[in-house]
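Here is the structure we will look at, set down as structure tokens.
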Protein chains: 2
Amino acid sequence: MIRLLLADDEDLVRGALTALLELEEDLVVVAEASTSTEAVRLALEHRPDIAVLDLEMPPADGLRAAEQIRAELPTRVVLVTRHARPGVLRRALAAGVRGFVPKTTPAARLAEIIRDVAAGRRYVDPDIAASALTEGDCPLTERELEVLRASRTGASISEIAAQVHLAPGTVRNYLSAAMTKLGAGSRHAAAHRAWEEGWI
Amino acid sequence: MIRLLLADDEDLVRGALTALLELEEDLVVVAEASTSTEAVRLALEHRPDIAVLDLEMPPADGLRAAEQIRAELPTRVVLVTRHARPGVLRRALAAGVRGFVPKTTPAARLAEIIRDVAAGRRYVDPDIAASALTEGDCPLTERELEVLRASRTGASISEIAAQVHLAPGTVRNYLSAAMTKLGAGSRHAAAHRAWEEGWI
DNA sequence: GCGCCCAGATGACAAATGTCACCAGACCGG
DNA sequence: CCGGTCTGGTGACATTTGTCATCTGGGCGC
């Protein structure tokens with residue numbers, strides 16, 4: 001019997017996935033979480049064999065939760081995501097995630113993937129893997145990513161500066177560098193671009 | 001026995017919802033669609049009692065599909081959405097949708113909601129309904145919405161002008177008006193705001 | 001016809017933004 | 001200790017953006 005932790009912030013989806021997986025006789029959902037922090041807490045408490053985490057989850061994303069779980073437990077992590085972007089896959093694998101499943105995967109496959117991972121194998125969506133291999137790595141520094149993230153809501157330079165605790169001029173420099181690297185004409189275009197690539 | 005059409009572009013979610021609903025003895029999923037056009041086609045073919053449509057679905061969104069289904073069939077439509085924004089609810093009700101369910105709804109409620117709708121009642125998520133009632137309607141004109149939509153990717157004024165076939169100065173005027181109405185300091189902030197409200 | 005309104009356009013102006021060159025500490029290998 | 005490198009910061013400058021007053025031409029009631 002494979003014991004599962006299921007985390008997804010959308011109750012409807014999480015509940016539906018539970019229903020789907022409980023149909024399998026060798027799988028049992030022992031805990032459900034709706035936030036990344038709750039996922040970590042419940043993982044420590046229940047020590048499941050596999051943690052199935054949604055990537056898009058407040059307050060920290062599923063990747064952070066995966067890292068924390070992996071740091072403490074032998075639990076294997078399967079990440080499920082809507083926007084399966086190459087950059088995310090790269091980060092996920094670096095974090096030691098054992099399965100990477102976009103939500104475009106047929107539902108019937110999920111149980112098989114979980115069994116594979118439980119058996120020690122890895123699963124990575126073939127399409128994403130292919131594009132991750134052909135695409136270049138993220139050229140941006142951590143700081144550049146930070147200011148780009150902060151500019152996604154349309155904030156002004158000074159607002160971004162306040163958010164990231166930097167001087168406005170410095171923020172402009174980072175943004176300028178990021179824009180050059182991404183070939184964008186404005187920080188907003190750069191932020192959009194970086195998001196599409198899965199870098200923020 | 002209530003016959004259902006289920007449409008969601010994410011196979012995993014759609015399959016999981018099918019599993020969830022098939023657990024109910026009085027519900028049966030007679031067709032599954034992964035695009036809005038397929039949803040309309042299958043609805044005409046199978047004439048289900050209820051169509052459960054995801055709002056976020058290519059190529060046209062679930063709202064369009066709902067309108068088309070309603071125009072041809074007595075089928076009742078339940079919309080499921082991730083970003084349950086007041087403006088969207090407003091448009092959905094105007095399109096004759098009978099149920100409006102954000103994905104934050106507990107999974108166990110979905111079957112009840114479907115039975116309610118099948119029985120002729122309506123269901124609207126209480127939280128969204130409340131904010132839709134307290135919030136004002138979209139104050140933006142069609143043109144203002146158009147230029148805001150075009151600016152979402154971070155395009156420059158001249159690029160937007162080319163997209164919407166207007167002079168750059170005119171685009172600036174519309175953007176300026178939109179920013180004033182939304183209390184935003186830049187068009188990017190305004191676009192973000194308008195998106196959050198469900199207006200674009 | 002006449003006046004009125006409205007979408008679209010223009011031009012002038014101030015403020016915000018992006019570019020660039022350069023400075024000051026901190027940190028590190030040698 | 002020294003030079004190299006990295007992060008953070010500053011100031012000058014050209015462009016872009018946002019604001020506002022104003023113009024133009026077409027529809028429309030009368």
Side-chain angles (χ1 to χ4, degrees), chain A residues 60 63-64 67 87 90-91 94 136-200, chain B residues 87 91 136-200:
Chain A
L63 210 43
R64 298 273 181 81
E67 287 167 7
R90 208 179 287 273
R91 289 200 313 227
D137 211 352
C138 171
L140 302 172
T141 69
E142 204 39 60
R143 277 300 201 210
E144 285 160 1
L145 290 171
E146 195 176 352
V147 292
L148 276 185
R149 262 189 290 272
S151 60
R152 285 213 39 218
T153 54
S156 71
I157 297 254
S158 56
E159 286 168 340
I160 299 172
Q163 268 188 51
V164 299
H165 306 293
L166 283 177
T170 308
V171 170
R172 285 195 299 177
N173 286 340
Y174 283 126
L175 287 173
S176 187
M179 289 161 56
T180 306
K181 288 178 182 174
L182 299 183
S186 77
R187 70 194 126 103
H188 305 288
H192 191 80
R193 184 74 212 295
W195 181 83
E196 277 183 344
E197 296 285 349
W199 296 331
I200 55 179
Chain B
R91 291 203 310 236
D137 213 352
C138 172
L140 302 172
T141 69
E142 204 38 61
R143 275 301 200 213
E144 287 161 0
L145 290 171
E146 196 175 351
V147 291
L148 275 186
R149 262 190 291 272
S151 60
R152 283 211 42 217
T153 54
S156 72
I157 297 253
S158 56
E159 287 167 340
I160 299 172
Q163 269 187 50
V164 299
H165 307 295
L166 283 177
T170 308
V171 170
R172 284 198 300 180
N173 287 339
Y174 283 125
L175 287 173
S176 186
M179 288 161 58
T180 306
K181 288 178 182 175
L182 299 183
S186 77
R187 70 195 128 100
H188 305 288
H192 191 79
R193 184 75 213 293
W195 181 83
E196 277 183 344
E197 296 286 348
W199 296 332
I200 56 179

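None of these values were measured; they are calculated from a predicted model. Note on naming: letters A, B, ... go to the chains in the order of the sequence lines (proteins, then strands), and numbering restarts at 1 for each one.
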Phosphate OP1/OP2 of dG18(D): any Arg187(B) side-chain N/O under 4.0 Å:
yes
Could you check how far CD of Glu144(B) sits from C1' of dC6(C), rounded to whole Å?
13 Å
Arg193(B) side-chain N/O to Leu182(B) backbone N/O, donor-acceptor pair under 3.5 Å:
yes
Only one of Lys181(A), Arg172(A), Arg187(A) passes salt bridge (Lys or Arg N to Asp or Glu O under 4.0 Å) with Glu144(A); say which it is.
Lys181(A)
If I take atom OH in residue Tyr174(B) and atom P in nucleotide dT17(D), what distance separates them, rounded to the nearest angstrom?
19 Å
Counting only side-chain nitrogens and oxygens, does Thr170(A) get under 4.0 Å of the OP1 or OP2 atom of dG9(D)?
yes
What contact category does Ser186(B) fall into here, base, sugar-phosphate, or nothing, at under 4.0 angstrom with non-hydrogen atoms?
sugar-phosphate
Could you state the CG-C1' distance from Leu175(A) to dG9(D), rounded to the nearest angstrom?
15 Å
Hey, does the side-chain of Asn173(B) have a donor or acceptor N/O within less than 3.5 Å of a partner on the base of dG8(C)?
no
Just call it for Ser156(A): base, sugar-phosphate, or nothing, with non-hydrogen atoms closer than 4.0 Å on any strand.
sugar-phosphate
Does Arg172(A) have a side-chain nitrogen or oxygen under 4.0 Å from the phosphate oxygens OP1 or OP2 of dT19(C)?
no
Expressed in angstrom and rounded to an integer, what is the separation of Lys181(B) atom NZ from dG18(D) atom C1'?
16 Å
State, to 0.1 Å, how close Ala189(B) and Gly154(A) come at their nearest heavy-atom pair, and which atoms those are.
CB-O, 3.5 Å
